[in-house]
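This report refers to the structure that appears directly beneath it.
Since this is a predicted model, take the numbers as computed values, not measurements.
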Amino acid sequence: MARAGLILLPFALAAGVLAPAGAQQPADSAAAPAPRGDTTFTVDRIVAVVGTRPILASQVDEEIFSRQAQGLQLPRTPEAIAALRRQVTEGIIDSELLIQAAERDTAVKVTDQEVAEGVEQQVKKIRSNFSTEAEYASELRKAGFQTPDEYRRWLGDQQRRAALQNRLIEKLRGDGSLKPVIPTEREMREYFASQKGSLDKHPATLSFRQIVIPPQPSLEARQRAYQLADSIARELRQGADFAVAAKRFSMDSASREQGGSLNWFRRGAMVPEFERVAFGIKPGVISDPVETPFGYHVIQVERAQPAEVQARHILIMPEITEAEADSARRLADIIVSAAEAGASFDSLQRLYHDKSEERDAREVPVTKLPPAYAQAIAGAEEGSVVPPFPLEGANGRTKYAIVSVTARRPEGEVRFEDVRDKIRSQLGEQLAIRRYLDRLRKSSYVEIRGQPQDIGSLQ
């Protein structure tokens, strides 16, 4: 038994980029564009010309069919139907303008191999929805494809066209030619209103402040850690292999097996003490031991750019005794008592909080809280201070968190304020693409030959 509606429209512009009307949109169950059933059509005709390429009425029909398969309800009045066809035609023109601009740009490349690989992946995905080849072929015929090869050719054309648009937008963004436009408040609210129906519900969330208490090593343990880090730095300056030393000595489990590599990072990504050295030494230089809340670091910058560096490090952490770990817990209990007695949480945070940990968390989905937090605070009431709970760390470094729940929000509708920043970014780029398309229209031959025929027969 064939599964109607499972032939997919495969491709769209890159994520976050405006997909002009007429560009193929991804969907979990979108029918291929050719007409199905006993729908009748007039003879195909040219409705527009872009450059030397015609846009046919059947292309407009194809796009409308694809939108229907994704849930579009066709309008009922002749005026609304005509407006829809005008909108779709304009979108196809925009898509063709981008494709032709990409084809003229010698820096935009789309190879036959990547198209073939994309088609193969798409065909496998679609074919997996059917238990037999006969069911698959039957569904293709319902979608207007006489053979699987005809469907492959159509997919290949769609993939190439979408890839050309993607690559062009990526290139324009990369070379600074596509500068985001700052949308107005009215434009953002109108955009939100148009998209609100398709947004998922806002999950249940909570916001909180925290004071994280780390165990404090003794002066003797810090001195021993410093001496080891200093001896490693001296050996490295004499030619020892940094990667080998990192794998042997570093206590940073995240970078140790990569030879201490931290890859590229910008300012603000690391604690201040680390960044002052990493952005202050020349590539190749081995730093003296740098103390941070984590321990002592030996840093080497491999490459540097004005706003970021590529660096590696070796971390030596002072030993923590059981007595020092117990001391952290006792301090956490004292801080909670002070907070419950009316002491300012902000003041306590300034005095005791581990600077390597986040101070605040806002609108965190309850279902995505780390396990230790989920167990301790998922059910805490707004305004409450949660007793200390352990945060297990490396090398026996258990920290204790004291949390003040500042806000709870139940599951509900997404508000404009929730997505304002995302809308500003997305809409700004869409407006930039629209501005670029307007320039293309002015410099290209575009002719619209009247308006397409009514689509009453498609309802």
Exercise. Can you tell if the side chain of F265 reaches within under 4.5 Å of the side chain of E308, non-hydrogen atoms only?
Worked result: no
For this session: Please state whether the rings of W154 and Y151 are parallel, tilted or perpendicular, taking 30° and 60° as the class boundaries.
Result: parallel
Problem set entry | E190 and R186: CA distance, side-chain angles, deciding distance, salt bridge (charged side-chain N to carboxylate O under 4.0 Å, His left out) verdict | CA-CA 6 Å; E190 288 176 349; R186 178 178 177 180; 3.1 Å; yes
Exercise. Counting distance only, does the side-chain N/O of K179 pair as donor-acceptor with the main-chain N or O of G176 below 3.5 Å?
Worked result: no
For this session: Would you check if the side chain of S384 reaches a backbone N or O of V386 as a donor-acceptor pair within less than 3.5 Å?
Result: no
Exercise. Parallel, tilted or perpendicular: which fits the ring planes of F274 and H297, with parallel below 30° and perpendicular above 60°?
Worked result: perpendicular
Exercise. Any side-chain heavy-atom pair from R420 and R189 closer than 4.5 angstrom?
Worked result: yes
Exercise. Which atoms form the tightest heavy-atom contact between G51 and V49, and what is the distance?
Worked result: O-CG1, 3.4 Å
Exercise. Backbone N or O of V212 within a donor-acceptor pair of the H353 side chain at under 3.5 Å?
Worked result: yes
Exercise. Within the distance-only criterion (no hydrogens, no angle test), does the side chain of S198 pair as donor or acceptor with the backbone N or O of Q195 below 3.5 angstrom?
Worked result: yes
For this session: Could you tell me which non-hydrogen atom of I402 sits nearest to which non-hydrogen atom of P388, and how far apart they are?
Result: CG1-CG, 4.1 Å
For this session: Examine F208 together with Y373 and report whether their ring centres are nearer than 6.0 Å.
Result: yes
Seminar exercise, completed: d(I99 CD1, R53 CZ) to nearest 0.5 Å is 7.5 Å
For this session: Please confirm whether the backbone N or O of D421 pairs with a side-chain atom of S425, one donor and one acceptor, at under 3.5 Å?
Result: no
Exercise. Counting distance only, does the side-chain N/O of R408 pair as donor-acceptor with the main-chain N or O of E382 below 3.5 Å?
Worked result: no
Exercise. From L262 CG over to Q300 CD, what is the distance, rounded to the nearest 0.5 angstrom?
Worked result: 11.5 Å
Exercise. Looking only at heavy atoms, what is the nearest atom pair of S207 and E363, with distance?
Worked result: OG-N, 2.9 Å
For this session: Please examine the side chains of D354 and I211, heavy atoms only from C-beta on, and report whether any two atoms are closer than 4.5 Å.
Result: no
Problem set entry | Gap between atom OG1 of T292 and atom NE2 of H313 - 0.5 Å precision | 9.0 Å
Problem set entry | Presence of salt bridge, K171 and D175, under 4.0 angstrom | yes
Problem set entry | Backbone N/O of V298 and side chain of S287: donor-acceptor pair under 3.5 Å | no
Exercise. Using 4.0 Å as the upper bound for N to carboxylate O, is an ion pair formed by K196 and E413?
Worked result: no
Exercise. Judged by atom type as modelled, is there a donor-acceptor pair below 3.5 Å linking the side chain of E187 to the main-chain atoms of T184?
Worked result: yes
Exercise. Considering residues, nucleotides and ligands other than E358, do more than 12 of their heavy atoms fall under 6.0 Å from its CD?
Worked result: no
Exercise. If we only count heavy atoms from C-beta on, is the Q100 to S444 side-chain gap below 4.5 Å?
Worked result: no
Exercise. Closest approach of P387 and V336, non-hydrogen atoms and distance?
Worked result: CA-CG2, 4.4 Å
Exercise. Should the pair R441-E90 be classified as a salt bridge under the 4.0 Å nitrogen-to-oxygen rule?
Worked result: yes
Problem set entry | Side-chain heavy atoms of D94 within contact of R434, under 4.5 Å | yes
For this session: Look only at the side chain of S177 and the backbone of R173, and say whether a donor-acceptor pair between them is shorter than 3.5 Å.
Result: no
Seminar exercise, completed: Nearest heavy-atom contact between L315 and S250 is N-OG, 3.2 Å
Problem set entry | Beyond-backbone contact of P283 with E302, side-chain heavy atoms, under 4.5 angstrom | no
Problem set entry | Residue of the set R359, Q210, R209 for which side chain to side chain donor-acceptor pair (under 3.5 Å) holds with Q349 | R359
Exercise. What's the spacing between I433 CD1 and L437 CG if we round to 0.5 Å?
Worked result: 7.5 Å
